[in-house]
Amino acid sequence: MSGNTPDTSDEQPMNTANTRIQFDHDRAMELRSQARSGPAIPVDEFRRSSRRSFLTGAVGIVGAGVFWRWVQTQPSDDRVPQVLRSVLESNESIWSNLAQGRTAPEYSIDQATPIEVNGTRGMDDEIDLDAWTVRVEDPGGELLDELDISFFESLPQYDMVIEHKCIEGWSSVVHWGGARFMDFHAHYADRVGEVPYVAMATPDGGYYVGWDMASILHPQTMLAMREHGEPLDQAHGAPLRLATPNKYGIKTIKRIGVIRYSHERPADFWAERGYDWHAGL
Amino acid sequence: MPRARNEGADTWIHDEPVARLKHRRAIRWLHWINFPLLLVMIWSGLRIYWAEDVYAFGLGGWHWFSFFPDAVNEFLGLERRLARGLAFHLAFGWLFVINGLAYTVYLIASKEWRHILPDRHSVKEAGNVVLHDLHLREAPPQGRYNAAQRISYTVVLVMAAVLVLTGFAIYKPTQLHPLPLLFGGYQGARLIHFSMTIGIALFLAVHLLQVLKSGWSNFSAMVTGYEIEEPDELDRVTVGSTTETPTGEGVGA
């Protein structure tokens, strides 16, 4: 182009137009070749094969309908169709083997906000906090200890600012204070031996949760006594509740009245009402 | 017997109608399996969302449109079904992910992606497709899909990938940490997950309308794989002038 003489300038628009026509033609041919890149068959052969395809499609629709009906009419296992309950349990073992024991991010204290009250089951009336004790039981139901709050206050104290997540979808960054469950467990490990589960319940038994050992011994599983440096109020589970960033809030029982080691997977209030037992994050 | 018929797979030039393979068998299966799975995922997902339905269009405290009005929730049976919603979502989610992965792998391995991915001319051509849909100009040239299709099929694939990634970020935020940070944290991932769902639902609505508009032979191609291809002007010119060497131009392109 650099060799062009100035007197060609009046032909420039013409060239551009030609170029565009040439381009449009090339583009159309390129796209046409794309559209025709697949193999072709005679029309009568196509008619035969398409009958077969539609038949396959019809069978597929019926099959999908039967499958859906089969899922919906499964006997229910804790209010969820059995097959879905099995999938929830498979999910649990997939994730337990994949990444159990990872640590959730923690935040700075000024990011914390007050947590909302979102559940009062097992806490119908206020209790006398001075009279409160927690029963610790071995797998046989034998009483190991009846502890008041001073025991938990004597354990190493931690602060933890984590994102508390509700299974409903909301979450908030909360500043908890208290003792790690693993430090509590250290006092009973020898006496109870190898135990796979821990159950906890409110004093009136109105709310109860089950935990697997790996989750409850996670360093971020806390027996909380304080929120944002202040003693818990009763609506948030005073004097002792669970807190963790690694399971949904349904597992963080308030107002703990019983801690029982268990060989069987313990009953869980919300798992009995259709939710995942593990509820791990 | 059509003249100018190539042996084997390529019937590049023909002067009588032929049936051309448009959607390969694997694509058809994966497409149709995806359809009910997507519906189950949206339906169960909305049951989960109902438990904390905070999203709305608006300014400050003023909500121009809330997701979703009570009438919608009631009509679709979304209320007080969080546990069942979760159970279905977290079970069928695996099927949705496996099907989507299979589709993606197949698209790459079979090189079918070349029909779907837009190229550098597609944006301009897509504008012309829209003008054509509005009866304002003639249809621009197209390959198997027109430029607007290529862009929207690609966008919906990207949205599906983001949908799955944000889904996992919400599902296992600790175990998959720092995945949620990619999306602005747990609540960010939740908002994006919801937005992608709305985006895909809008795609689905437009897709269904376009399928209705395009007619039977386009629809049945997704069932049978083949669509009848009438000879066009170029065929007639080529067949007329090069009867002796019909396979000359464009074969193997």
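All values below come from the heavy atoms of this structure, side chains included, with hydrogens, waters and symmetry mates left out. All chains are named by letter (A, B, ...) in the order of the sequence lines, taking the proteins before the strands, and each is independently numbered beginning at 1. What you see is a predicted model; the values in this text were computed from it and never measured.
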How many angstroms lie between [atom1] in [X] and [atom2] in [Y], if you round to the nearest 0.5 Å?
| X | Y | atom1 | atom2 | answer |
| --- | --- | --- | --- | --- |
| A:E30 | B:D119 | CD | CG | 6.5 Å |
| A:S49 | B:Y226 | OG | OH | 6.5 Å |
| A:R102 | B:H177 | CZ | NE2 | 7.0 Å |
| A:F46 | B:T224 | CZ | OG1 | 4.0 Å |
| A:W95 | B:Q175 | CH2 | CD | 6.5 Å |
| A:S90 | B:L90 | OG | CG | 12.0 Å |

Return each pair, listed once, that meets side chain to side chain donor-acceptor pair (under 3.5 Å) where at least one residue sits in residues 21-45 of chain B; pairs must be two or more places apart or across chains.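 For residues 21-45 of chain B: B:K22-B:N218, B:K22-B:E227, B:H23-B:Y145, B:R24-B:E112, B:S44-B:H89.
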[X] to [Y] - nearest heavy-atom pair and separation:
| X | Y | result |
| --- | --- | --- |
| A:R36 | B:P231 | NH2-CA, 4.4 Å |
| B:G143 | A:A35 | C-CB, 3.6 Å |
| B:T174 | A:A104 | OG1-CB, 3.4 Å |
| B:V18 | A:A40 | CG2-CB, 4.0 Å |
| B:H115 | A:Q34 | CE1-O, 3.2 Å |

Sequence neighbours excluded and cut-off under 3.5 Å, please list the side-chain donor-acceptor pairs for residues 55-84 of chain A, or say none.
unit_1: A:T56; atom_1: OG1; unit_2: A:R52; atom_2: O; d: 2.9
unit_1: A:T73; atom_1: OG1; unit_2: A:R69; atom_2: O; d: 2.8
unit_1: A:Q74; atom_1: OE1; unit_2: A:V83; atom_2: N; d: 2.9

Which answer fits [X], side chain, backbone, both or neither, if we ask what part of it has an atom under 4.5 Å from a heavy atom of chain A?
| X | answer |
| --- | --- |
| B:W94 | side chain |
| B:V54 | neither |
| B:P173 | both |
| B:I170 | backbone |

At a 4.5 Å cut-off on heavy atoms, which part of A:D276 comes close to chain B: side chain, backbone, both, or neither?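 For A:D276, no heavy atom lies under 4.5 Å from chain B.
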Contact part of A:R273 toward chain B, heavy-atom cut-off under 4.5 Å: side chain, backbone, both or neither?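 Only the backbone of A:R273 comes within 4.5 Å of chain B.
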Walk me through it: do A:L31 and B:R144 pass the test side chain to side chain contact (heavy atoms under 4.5 Å, CB included)? CA-CA 8 Å; A:L31 291 171; B:R144 181 181 298 169; over 6 Å; no
Measuring only between side-chain heavy atoms, which start at C-beta, is A:Y275 closer than 4.5 Å to B:L82?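 The answer is yes; the side chains approach within 4.5 Å.
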Validation row: A:V43, B:I228 side chains within 4.5 angstrom (heavy atoms):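 SC-SC contact between A:V43 and B:I228 confirmed.
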Counting heavy-atom pairs closer than 4.5 Å to chain B, which one of [options] comes out on top?
| options | answer |
| --- | --- |
| A:G274, A:G280, A:G169 | A:G169 |
| A:N91, A:D44, A:T103 | A:N91 |
| A:Q220, A:K165, A:R85, A:E163 | A:K165 |

Other residues, nucleotides, ligands: >12 heavy atoms within 6.0 Å of A:R47 CZ: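 12 or below, so no.
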Please report the C-alpha distance between A:C166 and B:E52 in whole Å, then the side-chain angles of each, then the deciding distance to 0.1 Å, and finally whether the side chain to side chain contact (heavy atoms under 4.5 Å, CB included) criterion is met. CA-CA 10 Å; A:C166 178; B:E52 179 68 4; over 6 Å; no
